2 protein chains.
Amino acid sequence: MPAALPAGRARVERAALDLFTVRGFEDVTSDEVADSAGISRRTFFRYFPTKADAVWGDFAGHVSRLEELLAAADPASPVLTSVCAAYVEVNDYPEAELPLLRERMRLILTEPALLAHSQLRFAEVDRVVARHVAARTGTPASGLLPRLVAASTRAAATTAFEAWLADGDSSLAAHLRLAFAEMSGGFPSLRG
Amino acid sequence: MPAALPAGRARVERAALDLFTVRGFEDVTSDEVADSAGISRRTFFRYFPTKADAVWGDFAGHVSRLEELLAAADPASPVLTSVCAAYVEVNDYPEAELPLLRERMRLILTEPALLAHSQLRFAEVDRVVARHVAARTGTPASGLLPRLVAASTRAAATTAFEAWLADGDSSLAAHLRLAFAEMSGGFPSLRG
DNA sequence: TTGCCCCTGGCACCGGGTGTCACTAACGTC
DNA sequence: GACGTTAGTGACACCCGGTGCCAGGGGCAA
């Protein structure tokens with residue numbers, strides 16, 4: 001059989017993203033994604049542990065970069081500031097990748113099954129952030145404060161992403177900064 | 001057939017909770033839960049749209065009560081304060097129900113499949129909170145601020161629940177108040 | 001060529017979830 | 001008391017996501 005171009009993970013991701021975007025995540029079977037990518041269903045599930053994971057690209061690398069940014073953060077600046085800055089920096093994508101990012105995030109945040117699954121992937125981020133805060137404050141990572149900072153900043157970041165998807169004009173960084181500023185400042189614009 | 005006591009939804013919930021607690025959510029099949037509750041698998045899925053939903057009890061009622069509390073909140077006090085107060089009040093369970101609540105929440109927050117599913121149920125809460133904030137600020141509920149308040153307070157509440165589960169000593173209300181105070185005050189204890 | 005290893009596909013299986021149908025108990029009506 | 005209606009239940013068949021297992025096949029070293 002003529003092998004129809006070397007498949008490769010990236011090829012499968014594109015096929016999945018396209019199909020999910022056009023017809024919705026639930027209404028596309030893993031069989032269809034596999035067919036469309038020219039591989040078998042069995043092989044699809046060797047590339048990705050889950051149908052949902054086909055949407056996330058190199059998220060593990062994303063988390064790793066965040067971890068490095070945190071490790072390299074200036075110990076003099078406040079922890080919360082470091083975390084927010086790292087979030088902004090790790091999400092500073094080159095212009096060319098923005099359409100792809102939009103596609104991914106739109107799926108993740110609007111398709112119920114993917115939104116549910118996202119909790120598991122985002123939990124990886126939370127653990128990284130919580131560990132950093134714990135290290136900086138000299139408290140256990142399982143304590144309230146590290147977890148709280150992780151959960152709150154992640155909530156702000158997710159909300160910023162939603163706003164960015166709905167907006168289209170302003171940059172992602174602008175939305176992130178605004179969300180972080182509101183939250184870490186105790187929601188100043190609510191004291192009206 | 002002798003019908004073995006009128007089954008009823010509550011009976012099934014107990015059976016599910018017990019089995020999941022003892023053997024883990026993933027390692028118990030819906031068949032086993034149904035058998036243990038004296039009903040058929042098909043009937044189980046008429047009580048609950050999902051295996052995961054068997055853990056949540058009357059969560060819809062919980063959300064409704066939160067909504068009512070928000071609607072009845074003093075318009076003079078700051079929005080954020082109202083939201084946090086409503087969260088605390090809606091989670092003011094009578095002593096006798098605390099063991100059950102612990103069981104539920106421990107499962108939801110530690111079992112990966114249930115944690116993922118929780119995103120969908122908690123999103124109902126977010127919508128209620130966001131609508132309230134939107135109404136109070138005269139902005140659209142899809143704007144950044146209402147969503148941000150909803151996501152942040154929910155993150156704080158979830159973290160408080162985790163701490164409460166791990167702690168065992170202090171009351172749930174105490175954990176909630178602490179988490180809300182930290183977050184809405186801009187994490188004062190990080191400015192050390 | 002031989003042997004090895006890795007990638008792949010096929011197959012059978014499990015478990016969650018759903019549509020459909022048949023049965024039965026409960027109820028009101030004539 | 002016979003009747004039709006309705007709601008709840010269970011059995012069955014089916015779809016789909018995910019996995020274990022085994023059989024091929026291509027590349028590569030000896």
Side-chain angles (χ1 to χ4, degrees), chain A residues 1-56 59 107-108 111-121, chain B residues 1-56 59 107-108 111-121:
Chain A
M1 207 161 289
L5 289 175
R9 193 186 159 99
R11 185 188 180 76
V12 187
E13 289 181 8
R14 269 254 53 88
L17 231 44
D18 288 347
L19 285 174
F20 295 160
T21 298
V22 172
R23 290 171 36 207
F25 180 77
E26 309 253 44
D27 287 344
V28 176
T29 69
S30 48
D31 259 304
E32 293 175 297
V33 177
D35 282 358
S36 165
I39 60 175
S40 78
R41 200 170 85 95
R42 192 63 187 84
T43 301
F44 173 84
F45 281 113
R46 272 194 271 260
Y47 280 128
F48 308 99
T50 295
K51 187 183 161 195
D53 283 297
V55 172
W56 287 80
F59 186 71
L107 283 170
I108 291 171
E111 293 277 354
L114 288 176
L115 182 62
H117 174 81
S118 76
Q119 190 74 359
L120 303 179
R121 308 293 320 242
Chain B
M1 207 162 293
L5 288 173
R9 192 185 158 100
R11 186 188 180 75
V12 186
E13 289 181 8
R14 269 255 52 89
L17 231 44
D18 289 347
L19 284 175
F20 295 160
T21 298
V22 172
R23 289 172 36 208
F25 180 76
E26 310 252 45
D27 287 343
V28 176
T29 69
S30 48
D31 259 306
E32 293 175 299
V33 177
D35 282 358
S36 165
I39 60 174
S40 78
R41 199 170 87 96
R42 192 63 185 85
T43 301
F44 173 84
F45 282 113
R46 273 194 272 260
Y47 281 131
F48 309 99
T50 294
K51 189 183 159 195
D53 283 297
V55 173
W56 288 79
F59 187 72
L107 282 170
I108 291 171
E111 292 277 355
L114 288 176
L115 182 63
H117 174 80
S118 75
Q119 190 75 359
L120 303 178
R121 307 293 319 244

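Small disclaimer: the values here were computed from a predicted structure and weren't measured. Below, read A as the first sequence line, B as the second, and so on, with proteins coming before strands; counting in each chain starts at 1.
To the nearest 0.5 angstrom, A:H117 atom NE2 is 8.0 Å from A:I108 atom CD1.
Nearest nucleotide to the B:R41 side chain, out of D:dG10, C:dG17, C:dT8: C:dG17. The side chain of B:R42 approaches D:dA11 more closely than any other nucleotide in the set D:dG18, C:dT8, D:dA11. Closest to the A:T29 side chain, of the nucleotides D:dG17, C:dG16, C:dG19, is D:dG17. Closest to the side chain of A:F45, from the set C:dG17, C:dT8, D:dG17, is D:dG17.
If you measure from atom CZ of B:F20 to atom P of C:dG15, you get 14 Å, rounded to the nearest angstrom. As rounded to whole Å, 14 Å separates atom C1' of C:dG17 from atom NE2 of B:H117. Counting to the nearest Å, the C1' atom of D:dG17 and the CG atom of A:D27 are 15 Å from each other. The CD1-C1' distance, from A:I39 to C:dG10, rounds to 14 Å in whole Å. Rounded to whole angstrom, the span from the CZ atom of A:R23 across to the P atom of D:dC16 amounts to 11 Å. Rounding to whole angstrom units, CD of residue A:E26 and P of D:dC15 are separated by 18 Å. Distance A:R9 CZ to C:dT8 P: 12 Å, rounded to the nearest Å. The interatomic distance linking A:R11 (CZ) with C:dT8 (P) rounds to 13 Å, in whole Å.
Contact annotation: B:Y47 reaches the phosphate of D:dT9 (side-chain N/O to OP1 or OP2, under 4.0 Å). A sub-4.0 Å separation between OP1 or OP2 of C:dT8 and a side-chain N or O of A:S40 is absent.
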CA sep, side-chain torsions, deciding dist, call: A:E111, A:F20, side chain to side chain contact (heavy atoms under 4.5 Å, CB included):
CA-CA 9 Å; A:E111 293 277 354; A:F20 295 160; over 6 Å; no

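Nucleic acid contact class of A:V33 (heavy atoms, under 4.0 Å, all strands): none.
A:V33 and A:F44 make their closest contact through CG1-CE1, 3.7 Å (heavy atoms, listed as atom of the first residue, atom of the second, distance).
The nearest heavy atom of DNA chain C to B:R46 and to B:A52 marks one nucleotide each, and the one closer to the 5' end goes with B:A52.
Under the 4.5 Å side-chain criterion, counting only non-hydrogen atoms from C-beta, A:P112 is not in contact with A:F25.
A donor-acceptor distance shorter than 3.5 angstrom exists from the side chain of A:E32 to the backbone of A:T29, with no hydrogens or angles considered.
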